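Report on the following structure.
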Amino acid sequence: MSERDPKAKIQQGGETRRAQSILVRVDGELRAVTAAKQRTGEELETIFDLPELPSWKHLVGWYDAQRIEASDGDFLSEWADSSCRANTADDVSGEEPTYELDDDIYSFSTVATEGDGALVLTDEVLTDGSYTLAGLVKANSTNGTQRIVQDGSLDNGGWGTRIEGGTWEHTHYGAEDVDTGVSVEVGEPIRWIVRYDASNESLDVYIDGELEVDGQSVGLDNPDGEFAIGKMIDGDDQFADCNHGEYLVWNDYKDDATVDKIDEYLEERWTPLANYDATQIDYSDGEAVDEWKDEVRDNDLTAPSGRRPTYRADEIDGNPAVEVFNDEYMVSDETFALDREFAVLFVMVDPSPAGNNHILSFRDSNGFIFRYRDDDADIWATTDDGTVNPSWTPPESTPSLNAGVVTNSADMTVASRVDGTEEESVTQTGTFPTVNMALGADPDGDLTGTATFGEIVVYDSLDSDRLESEEQRLADKWGISLD
């Protein structure tokens, strides 16, 4: 199982025994899980990977591109089912989809389908009554009919989710099509959930957390055929030109609380912690900026009256930016839990090297600060166990892409990066606090801060492939040459 998943622990007292596997009951169902062990005092601590899903109960299919081990551009002969049901999705007749790191989904890994060169099927019908279906997908075209997923054939009942004429639809074959009325934009990832209660033939559809179809009456025949991703099962004329992130299929009807958890799960897995993009805010040149919207989770940056930064319409490669000067600052509305793995990437120009300047910070008594101090730049990284100061040397007058990356091994590794190159990496123990993010001056002190920002993205973690891909994406967007 993926090492990105949280680890659960079981304590077993008494005599130490050698174990190869254990059975775990999750939501009333037994799961066989491979186990490791280590000695902790007089107890045996069994540690195993148990993916944290909104619900394991009645899960019959789980296709997760983040769990695929492949390189960008590889063809895929299968998409493994991670639900323990072994409903693996195989290509048919060598028509293979592609593994891609997707720029539009923050360089997350996806499965790309396009035309007759991409088809994945299982030989099992996953649902034949009540069901809940959830996923994340990005459309690369909205022309014609884009078949996202389908369970059962058109001629023998079943259901399917598709884009039809640019809008999102869910269909029970042989019954009325359910048009959500939601327009699909090319290049924009969509989180979606469909649930069907067979006892009263009632269908709900959620798009990006919003209930778009509420209790529509629609029948469902017992499907016959396979489960398909990216293509019509019983025809060669309808495909999906899409990047698929994740699909989960349950053969029961989930209640409202579980649906909320499913949407929260998809949002947390497929978006960064925050994204502040100056190209997406609407101010006039020279106008004071009181709010900088977060593009993914509504954790906006706000500035107090009298200390607001300035909007510059043409500042970085023809793009707008937000200039923070001297005692001006902005603070996030909500806190960030910085745990033991996180990363922040930001596009910046003209940081001031004079005096003691905060550029960007996550800080209370401990924290993580990009700063200048007596003309030297570094990252001040202080946990509950101590402080490290990896050097950081952004250019003073040229736009640059800067990064602070914390990864977790035996100890934490704290690294600084400028324009795609690591500058210094140091180790540290302990944990960082849960705090707000601030641009510019220290909100609680007299330290100033001067710099101009184009974009800031905060991540809960970044492996090396995604880090490089995200750096390239932002560099291309902002006209920065990586070293």
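Values in this document were obtained by computation on a predicted structure and should not be read as measured data.
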(request) For T383 and T429, indicate whether the former's side chain and the latter's backbone hold a donor-acceptor pair under 3.5 Å. (result) yes
(request) Specify whether F336 and F362 have parallel, tilted or perpendicular ring planes, treating 30° as the upper limit for parallel and 60° as the lower limit for perpendicular. (result) perpendicular
(message) If we ignore hydrogens and angles and just use 3.5 Å, is the side chain of S332 paired with the main-chain N or O of M437 as donor and acceptor?
(response) yes
(message) If we ignore hydrogens and angles and just use 3.5 Å, is the side chain of D463 paired with the main-chain N or O of D465 as donor and acceptor?
(response) yes
(message) To check you understand the geometry: which heavy-atom pair defines the closest contact between I163 and A139, and what is its length?
(response) CD1-CB, 3.6 Å
(request) Answer whether the closest heavy-atom distance between the side chains of W270 and I105 falls below 4.5 Å. (result) yes
(request) Write down the atom of A415, the atom of I379, and the distance for their closest heavy-atom approach. (result) O-CD1, 4.2 Å
(request) Step by step, work out the salt bridge (charged side-chain N to carboxylate O under 4.0 Å, His left out) result for R162 and D177. (result) CA-CA 10 Å; R162 67 191 185 192; D177 294 340; 2.8 Å; yes
(message) Return the CG to CG distance between D476 and L482, rounded to the nearest 0.5 Å.
(response) 7.5 Å
(request) Would you kindly say whether W62 and E246 are connected by a side-chain donor-acceptor distance under 3.5 Å? (result) yes
(request) Run the numbers on D81 and T122 for side chain to side chain contact (heavy atoms under 4.5 Å, CB included), then give the verdict. (result) CA-CA 10 Å; D81 173 20; T122 71; over 6 Å; no
(request) Quick one: do T180 and T167 satisfy side chain to side chain contact (heavy atoms under 4.5 Å, CB included)? Show the steps, please. (result) CA-CA 7 Å; T180 67; T167 62; 5.5 Å; no
(request) Return the minimal non-hydrogen interatomic distance between G181 and D179, and the atom names on each side. (result) N-OD1, 2.9 Å
(request) Spell out, as yes or no, whether a donor-acceptor pair under 3.5 Å connects the side chain of S130 to the backbone of Y253. (result) no
(request) Could you tell me whether a side-chain N or O of S107 sits under 3.5 Å from a main-chain N or O of L101, the two making a donor and an acceptor? (result) no
(message) Would the distance check show the side chain of D91 and the main-chain N or O of E96 forming a donor-acceptor pair, the cut-off being under 3.5 Å?
(response) no
(message) Keeping W79 on the side-chain end and V111 on the backbone end, is there a donor-acceptor pair under 3.5 Å?
(response) no
(message) I'd like to check Y63 versus N87 (side-chain heavy atoms, cut-off strictly below 4.5 Å). Are they in contact?
(response) yes
(request) Over all heavy atoms of both residues, which pair between C242 and V137 is shortest? Give the atoms and the distance, please. (result) CB-CG2, 3.8 Å
(message) If I take atom CG from residue L401 and atom CD from residue E455, how far apart are they, to the nearest 0.5 angstrom?
(response) 9.5 Å
(message) Angle between ring planes, Y131 versus H170, binned at 30° and 60°: parallel, tilted or perpendicular?
(response) tilted
(message) Nearest 0.5 angstrom please: E264 CD to I262 CD1, how far?
(response) 11.5 Å
(request) Identify the heavy atoms of Y459 and P272 that sit nearest to each other, and give their distance. (result) CD2-CB, 3.9 Å
(message) Taking F342's backbone N and O only, do any of them form a donor-acceptor pair with D460's side chain (distance below 3.5 Å, no angle check)?
(response) no
(request) Verify, without hydrogens or angle tests, whether T110 (side chain) and G245 (backbone) share a donor-acceptor contact under 3.5 angstrom. (result) no
(request) Please say whether more than 12 non-hydrogen atoms of neighbouring residues, nucleotides or ligands are located less than 6.0 Å from CD in E185. (result) no
(message) Evaluate T427 against T413 for side chain to side chain contact (heavy atoms under 4.5 Å, CB included), listing each step before the verdict.
(response) CA-CA 4 Å; T427 59; T413 300; 4.3 Å; yes
(message) Within this structure, what is the CG-OG distance for the pair D72 and S469, rounded to the nearest 0.5 Å?
(response) 7.0 Å
(request) For the pair D208 (side chain) and R191 (backbone), establish whether a donor and an acceptor sit closer than 3.5 Å, ignoring hydrogens and angles. (result) yes
(message) Against D104, only a single residue in R473, K477, K138 fulfils salt bridge (charged side-chain N to carboxylate O under 4.0 Å, His left out); can you say which?
(response) K138
(message) Checking D241 against S141: is there a side-chain donor and acceptor pair closer than 3.5 Å?
(response) no
(request) Using the salt bridge (charged side-chain N to carboxylate O under 4.0 Å, His left out) rule, pick out the option among D263, D255, D256 that qualifies with R195. (result) D256
(request) Please tell me if the side chains of L133 and W159 come closer than 4.5 Å, counting only heavy atoms from C-beta onward. (result) yes
(message) Looking only at side-chain N and O atoms, does S416 offer a donor or acceptor that is under 3.5 Å from a partner on E423?
(response) no
(request) Calculate, to the nearest 0.5 Å, the distance between atoms CG and CG belonging to D90 and L121 respectively. (result) 8.5 Å
(request) Go through N140 and E114 one step at a time and tell me if the side chain to side chain donor-acceptor pair (under 3.5 Å) criterion holds. (result) CA-CA 9 Å; N140 300 313; E114 180 183 7; over 6 Å; no
(request) First locate atom OG1 of T161, then atom OH of Y247, and finally report the distance between them rounded to the nearest 0.5 Å. (result) 8.5 Å
(request) Please check if atom CG in D282 has more than 12 non-hydrogen atoms from other residues, nucleotides or ligands closer than 6.0 Å. (result) no
(request) Of all the heavy-atom pairs spanning I480 and D419, show the shortest one and how long it is. (result) CG2-OD1, 3.5 Å
(request) Could you tell me whether the side chains of N402 and S400 share a donor-acceptor contact shorter than 3.5 Å? (result) yes
(message) Can you tell whether the side chains of R85 and E124 come within less than 4.0 Å, N to carboxylate O?
(response) no
(message) Would you say that F108 contacts R269 through its side chain, given a criterion of any heavy-atom pair below 4.5 Å between the two side chains?
(response) no
(request) Return yes when atom CD of E334 has more than 12 non-hydrogen atoms of other residues, nucleotides or ligands closer than 6.0 Å, and no otherwise. (result) no
(request) Check step by step if salt bridge (charged side-chain N to carboxylate O under 4.0 Å, His left out) holds for R417 and E471. (result) CA-CA 10 Å; R417 296 174 67 88; E471 286 179 326; 2.8 Å; yes
(request) Among N251, D252, D151, find the residue that satisfies the side chain to side chain donor-acceptor pair (under 3.5 Å) test when tested with T127. (result) D151
(message) Do E164 and T145 pair up side chain to side chain, a donor and an acceptor below 3.5 Å, judged on atom types alone?
(response) yes
(message) Within the 4.5 Å heavy-atom criterion, are R340 and F432 side-chain neighbours or not?
(response) no
(message) Between T335 and V435, is there a side-chain heavy-atom distance shorter than 4.5 Å?
(response) no
(request) Would you mind reporting whether K231 and T113 have side-chain heavy atoms less than 4.5 Å apart? (result) no
(request) For side chain to side chain contact (heavy atoms under 4.5 Å, CB included), just list the numbers for V218 and T171, CA-CA rounded to whole Å, side-chain angles, deciding distance to a tenth of an Å, and then say yes or no. (result) CA-CA 9 Å; V218 58; T171 298; over 6 Å; no
(request) Compare all side-chain heavy atoms of W478 with those of P399 and state whether any distance is below 4.5 angstrom. (result) no
